[in-house]
Amino acid sequence: MIKNFLNVLFVIVTLSAFAQEQKAPAYPLITHDPYLSIWSTSDKLNASPTKHWTGSSHSLLGLIKVDGKTYRFMGEEEFPYKTVVPAADDTPYFPTRYTGKYTESTPSENWMSPDFDDSRWQTGAAPFGNTPEAKTQWNMKDIWIRRTFELRNLNWDKLLLKVKFDDNVDVYLNGERVYEKKGWTNKFLYSKIEDSIKKKLKAGVNLLAIHCENTKGGAWLDAGIVSEQAPKERNIALAQQQSLNLSATQTSYEFKCGGIDLSVTFTSPLLMKDLALLSRPVSYISYRVKSNDRASHAVQIYLGVSTSMAVNHLSQRVSANEYSFSDLSILNAGSNEQGVLKKKGDDLRIDWGYLYVAAPKSTSRQYITPEAYAVDSFIGNIQWKK
């Protein structure tokens, strides 16, 4: 009796393990090296934006139009931020730098108040820090910064504080605390500014006041304010994911999109026995469609590729080009700077070299950036016949 019970238990455990073997923290889509590495971070391919392994946005967007109805099978649309008060990384797009008053000596308790007299404070440009990249050197334990900015428009959908700091930060807007955080970050964080505080913004001069404490190591402080744009209404349905399969070199998905079944396969041919193939930084996305109701269907497939894959930070300027080679139509994009091997670290995306997207010349194509995409611009035109 005990033996039989153990046998049944073994079968249950085995079946459970088999059922979970396709579950993963993230699913590889484009994988070659730490620079070129794009993942789906949800069990469904269309439940979240695709990302670089560091968590930064590397957006792939997949749409299929079946008999005039559009379905999204890959990625999720991301909406760009509009700068309200520029941080230092925004300055290439603005005629003036982020400048403010600052002190490294402890001020009086009302230092964050709009009516505080900061005339004896020094003037400096962000970012503030103790590294060569900082515009203003900050070498003491603490720094207090007051930055005035002028607003004409107060009609913002959603305001967020944009801040990058090392170590502890305390932020005020017109004297009201909007953010407080212990620790540090090596990338910008975005925190919602509550409506109760947003209502206190006024047409004219406003104040952003920040205290940052450097407990050890590097020091850094930069901040601004952005607005998240309200999404436009789009008549796009979600494709129904039917299955997911992982193998050593491929990740495959099956979807139902109305009268069409869609198969999408991502292939990175990293074969150790073929060094030439292994070293080639090329991945493939292939599609297969078939009717699931034995009827004829007009089908179009669209692939959107973000230029964020060619830069380390979204603030970097990008150039894109289109040309042909053999039977391929090719789009490429790369940073204007092209600083080859200028950066180092773990949380890093490549910003030199070029991203290429290629398709047969018989297909239509359009380069898509994070700012916009056109639903009626598709890569590929496929007419299904019974």
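Computed from heavy atoms alone, side chains included, the values below leave out hydrogens, waters and symmetry copies. Owing to the predicted nature of the structure, the values given are computational and were not obtained by experimental measurement.
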So, do [X] and [Y] sit near enough that their side-chain heavy atoms are less than 4.5 Å apart?
| X | Y | answer |
| --- | --- | --- |
| Ile210 | Trp144 | no |
| Glu176 | Leu173 | no |
| Ile64 | Val289 | yes |

Checking the side chain of [X] only, and the main-chain atoms of [Y] only, is there a donor and an acceptor separated by less than 3.5 Å?
| X | Y | result |
| --- | --- | --- |
| Arg72 | Gly75 | yes |
| Ser335 | Asp351 | yes |
| Thr83 | Val85 | no |
| Glu228 | Lys158 | no |
| Asp118 | Trp121 | no |
| Asn174 | Asn206 | no |
| Ser56 | His52 | no |
| Thr185 | Lys187 | yes |
| Ser191 | Leu161 | no |
| Arg349 | Pro34 | no |

Mind checking the [atom1]-[atom2] spacing from [X] to [Y]? Nearest 0.5 Å is all I need.
| X | Y | atom1 | atom2 | answer |
| --- | --- | --- | --- | --- |
| Gln241 | Leu45 | CD | CG | 6.5 Å |
| Arg120 | Thr103 | CZ | OG1 | 12.0 Å |
| Glu337 | Arg317 | CD | CZ | 12.0 Å |
| Asn321 | Asn332 | CG | CG | 5.0 Å |

(request) Might you confirm whether atom NZ of Lys256 has over 12 heavy atoms from other residues, nucleotides or ligands at distances under 6.0 Å? (result) no
(request) Evaluate whether atom NZ of Lys343 has more than 12 neighbouring non-hydrogen atoms of other residues, nucleotides or ligands under 6.0 angstrom away. (result) yes
Which heavy atom of [X] sits nearest a heavy atom of [Y], and at what distance?
| X | Y | answer |
| --- | --- | --- |
| Thr251 | Pro28 | OG1-O, 2.7 Å |
| Lys69 | Ala237 | CE-CB, 3.9 Å |
| Leu36 | Pro281 | CD2-O, 4.0 Å |
| Phe266 | Met74 | CZ-SD, 3.3 Å |
| Asn292 | Gly258 | ND2-O, 3.1 Å |
| His313 | Val311 | O-CG2, 3.3 Å |

(request) Any chance you could lay out the side chain to side chain contact (heavy atoms under 4.5 Å, CB included) test for Leu303 and Leu61, step after step, and finish with the verdict? (result) CA-CA 6 Å; Leu303 171 66; Leu61 191 67; over 6 Å; no
(message) Under 6.0 Å between ring centres: does that hold for Trp111 and Tyr172?
(response) yes
(request) Applying ring pair (Phe, Tyr, Trp, His ring centres under 6.0 Å) between Phe128 and each of Trp220, Trp138, Phe165, Tyr102, report the one that passes. (result) Tyr102
Just by distance, no angles: are the side chains of [X] and [Y] close enough, under 3.5 Å, to form a donor-acceptor pair?
| X | Y | value |
| --- | --- | --- |
| Asp43 | Tyr27 | yes |
| Ser283 | His32 | yes |
| Gln250 | Thr267 | yes |

(message) With a 4.0 Å cut-off on N to O distance, would you call Arg280 and Asp274 a salt bridge?
(response) no
(message) Check for me, please, whether Leu207 and Val84 land in the same ILVMFWY cluster - side-chain distances under 4.5 Å, paths through other members count.
(response) no
(message) Is the ring pair Phe73/Phe255 parallel, tilted or perpendicular, if the boundaries are 30 and 60 degrees?
(response) tilted
(message) Applying side chain to side chain contact (heavy atoms under 4.5 Å, CB included) to Ile225 and Phe149, what does each step give before you reach the verdict?
(response) CA-CA 10 Å; Ile225 299 174; Phe149 59 93; 4.0 Å; yes
(message) I'd like to know whether Asp222 forms a salt bridge (Lys or Arg N to Asp or Glu O under 4.0 Å) with Lys164, so could you lay out the CA-CA distance, the side-chain angles of the two residues, the decisive distance to 0.1 Å, and finally the verdict.
(response) CA-CA 5 Å; Asp222 190 13; Lys164 180 180 177 182; over 6 Å; no
(message) Could you walk me through whether Asn46 and Glu76 satisfy the side chain to side chain contact (heavy atoms under 4.5 Å, CB included) test, starting with their C-alpha distance in whole Å, then the side-chain angles of each, then the deciding distance to 0.1 Å, before giving a yes or no?
(response) CA-CA 6 Å; Asn46 56 10; Glu76 187 176 44; over 6 Å; no
(request) Run the numbers on Lys216 and Asp166 for salt bridge (Lys or Arg N to Asp or Glu O under 4.0 Å), then give the verdict. (result) CA-CA 9 Å; Lys216 60 181 178 180; Asp166 187 354; over 6 Å; no
(request) Please test Glu133 against Thr131 for side chain to side chain donor-acceptor pair (under 3.5 Å), starting from the C-alpha separation and ending with a verdict. (result) CA-CA 5 Å; Glu133 294 80 13; Thr131 66; 3.0 Å; yes
(message) So, using side chain to side chain donor-acceptor pair (under 3.5 Å) as the criterion, who are the partners of Ser48 when residues are at least two apart?
(response) Thr41, Ser42
(message) When you measure from the centre of the six-membered ring of Tyr190, is the NZ or CZ of Lys162 closer than 6.0 Å and no more than 45° off the axis?
(response) no
